[in-house]
Amino acid sequence: MSVADEEMADVVVIGAGIVGLAVAWAALRDGARVIVIDRDFEGDRASHGNAGGIAVTESTPIAVHGMFTKVAKWLMDPLGPLALDWKHLPKALPWLMAFRRASEPDRYQAISHALALLNNRVYDDLLPMFDDIGASAMHYRRGALTVYETDEAFAADQPEWAFKRELGARWHALNAQQVRECEPSLAPVFRHGVFLDDWSHIGDPRRIVMLLRERVRTLGARFVTGSARAIESSDAVLLADGKRVKGRRIVIAAGAWSAALAKSIGDSVLLESERGYNATLPKHGVALTREVIFAERKFVATPLDVGLRIGGAAEFAGLDAPPNYRRSDALLTLGKRFIPGIDDTGAAKWMGHRPATPDSLPVIGASPRMPSVVYAFGHGHLGLTQSATTAALVADVLAGRTPRMPLGPYSIARF
Ligand SMILES: Cc1cc2nc3c(=O)[nH]c(=O)nc-3n(C[C@H](O)[C@H](O)[C@H](O)COP(=O)(O)OP(=O)(O)OC[C@H]3O[C@@H](n4cnc5c(N)ncnc54)[C@H](O)[C@@H]3O)c2cc1C
């Protein structure tokens with residue numbers, strides 16, 4: 001019998017990314033005995049290399065009505081913001097069709113309200129977690145700036161901005177002069193800006209994961225290194241090496257790899273890896289104060305403690321295709337064009353798997369088939385942002401409390 005076989009925990013969490021660790025942290029604070037499983041605790045997943053944005057204003061789904069007219073153009077550009085590996089198309093097709101449906105007006109409205117419910121309480125949950133793990137000093141609440149090169153693009157986005165305000169986002173428009181005053185390092189080509197008051201960023205996503213992991217360890221969690229192959233029964237996770245890890249409740253927080261584990265108990269979900277890229281410039285030499293979102297070009301630049309991170313792209317090629325770092329190069333080229341004078345010495349290129357559902361809503365809540373199993377995955381572009389709120393909700397479920405907000409819209413039953 002393995003060490004893992006001996007102990008029955010209250011909660012077993014599969015996945016030690018930002019979401020799984022946040023869930024473990026919340027469960028530990030409720031007094032639960034927790035085991036965390038990951039095949040590579042120090043790994044380099046989405047949680048380690050993301051853009052670091054606490055993007056609370058992003059309460060509309062990625063599938064925006066009208067975007068589909070641009071998709072063909074984006075796909076034709078080999079290094080544009082969207083890429084599809086055609087070999088992956090048959091597998092991705094059901095997801096892509098559901099993505100299309102998510103942009104229909106009724107769905108779009110309902111999804112946005114559900115996203116806003118989560119995003120509007122992010123700081124209630126995230127600030128105590130940052131405080132407890134010692135990360136508050138690297139949390140920068142300086143807003144964010146969306147910039148527009150053309151009047152047309154700015155005008156076209158106005159209905160979405162108005163809707164976001166209805167959903168609770170605080171923002172105000174800036175003219176070209178105000179954009180320059182707000183971020184003088186940007187090229188003087190932006191005719192409009194939108195200042196997002198409540199967006200913030202962190203100094204280093206990898207360090208946040210590290211601090212949270214160490215705090216979870218200090219609070220008493222046991223870490224098991226192994227690859228979860230299946231949920232074997234209501235209280236047992238089967239690992240690839242044949243060992244079992246036992247717990248009264250099992251949380252699946254395995255990011256973009258979660259679908260196979262859900263399937264092992266018969267729950268279906270549409271989940272794709274939306275592969276994103278970035279380049280981090282340790283010696284960039286420019287003074288950006290806050291995260292900047294380049295509206296037409298679909299990329300962002302975040303002034304992290306570890307360098308200026310220029311990132312974006314959405315590539316659908318599955319979990320196993322090798323990274324195409326020419327996408328990082330393409331992002332860097334854009335960065336140099338719009339933030340003149342940046343030094344790219346020592347630039348580090350990176351790719352990560354965003355765990356993306358077609359409706360941009362995460363999967364949170366108990367399995368309808370096996371209620372001892374609880375889901376916490378599918379956060380797409382917002383996993384860092386929504387990590388602590390997801391953890392608070394999952395902790396409610398694990399402790400048998402009424403969740404602090406209704407979990408219906410996030411249920412796996414919607415697939
Ligand atoms: C380029 C890019 C930029 C981004 N920018 C932002 C941003 O600014 N703000 C924001 O909020 N979000 C951002 N995101 C999204 C965010 O990074 C993700 O939503 C989030 O990291 C997902 O966290 P996770 O814990 O669910 O998954 P992951 O970080 O992928 O962690 C999953 C963990 O599960 C483990 N695992 C998987 N399968 C198994 C198994 N079978 N057995 C054992 N272990 C397993 C993996 O090893 C991994 O450690 C960005 C993502 C990318 C790619």
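Each ligand, and each atom within it, is numbered from 1 in the order the structure gives.
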Relative to ligand 1, is [X] under 4.0 angstrom through side chain, backbone, both or neither, heavy atoms considered?
{"X": "Ala376", "result": "neither"}
{"X": "Trp350", "result": "side chain"}
{"X": "Arg275", "result": "neither"}

Just to be sure I'm reading this right: ignoring hydrogens, which of [options] gets closest to [atom]? Compare them by their nearest heavy atoms.
{"atom": "atom 48 (C) of ligand 1", "options": "Thr385, Asn278, Asp38, Val56", "answer": "Asp38"}
{"atom": "atom 29 (O) of ligand 1", "options": "Gly17, Ser47, Gly276", "answer": "Ser47"}
{"atom": "atom 26 (O) of ligand 1", "options": "Ser227, Ala314, Ala55, Gly255", "answer": "Gly255"}
{"atom": "atom 38 (N) of ligand 1", "options": "Tyr277, Phe377, Trp257", "answer": "Trp257"}

Could Asp329 and Lys349 be called an ion pair, given the rule that one side-chain N must be under 4.0 Å from one carboxylate O?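 Lys349 and Asp329: salt-bridged.
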For Gly52, is the nearest heavy atom under 4.0 Å from an atom of ligand 1?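 For ligand 1, residue contact (heavy atoms, under 4.0 Å) with Gly52 is present.
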Cation-aromatic face contact Arg290/Trp199, 6.0 Å, 45 degrees: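 Relative to the ring axis of Trp199, which defines the angle, Arg290 lies outside at least one limit.
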Would you list the atom pairs, donor with acceptor, under 3.5 Å between side chains in residues 140-147 and any protein atom, with sequence neighbours excluded?
residue : atom : partner : partner atom : Å
Tyr140  : OH   : Asp305  : OD1          : 2.8
Tyr140  : OH   : Asp305  : OD2          : 3.2
Arg142  : NH1  : Thr289  : O            : 3.0

Identify, with sequence neighbours excluded, every residue that meets ring-ring contact (aromatic ring centres under 6.0 Å, His included) alongside His88.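 Partners of His88 by the ring-ring contact (aromatic ring centres under 6.0 Å, His included) criterion come out as none, since no residue qualifies.
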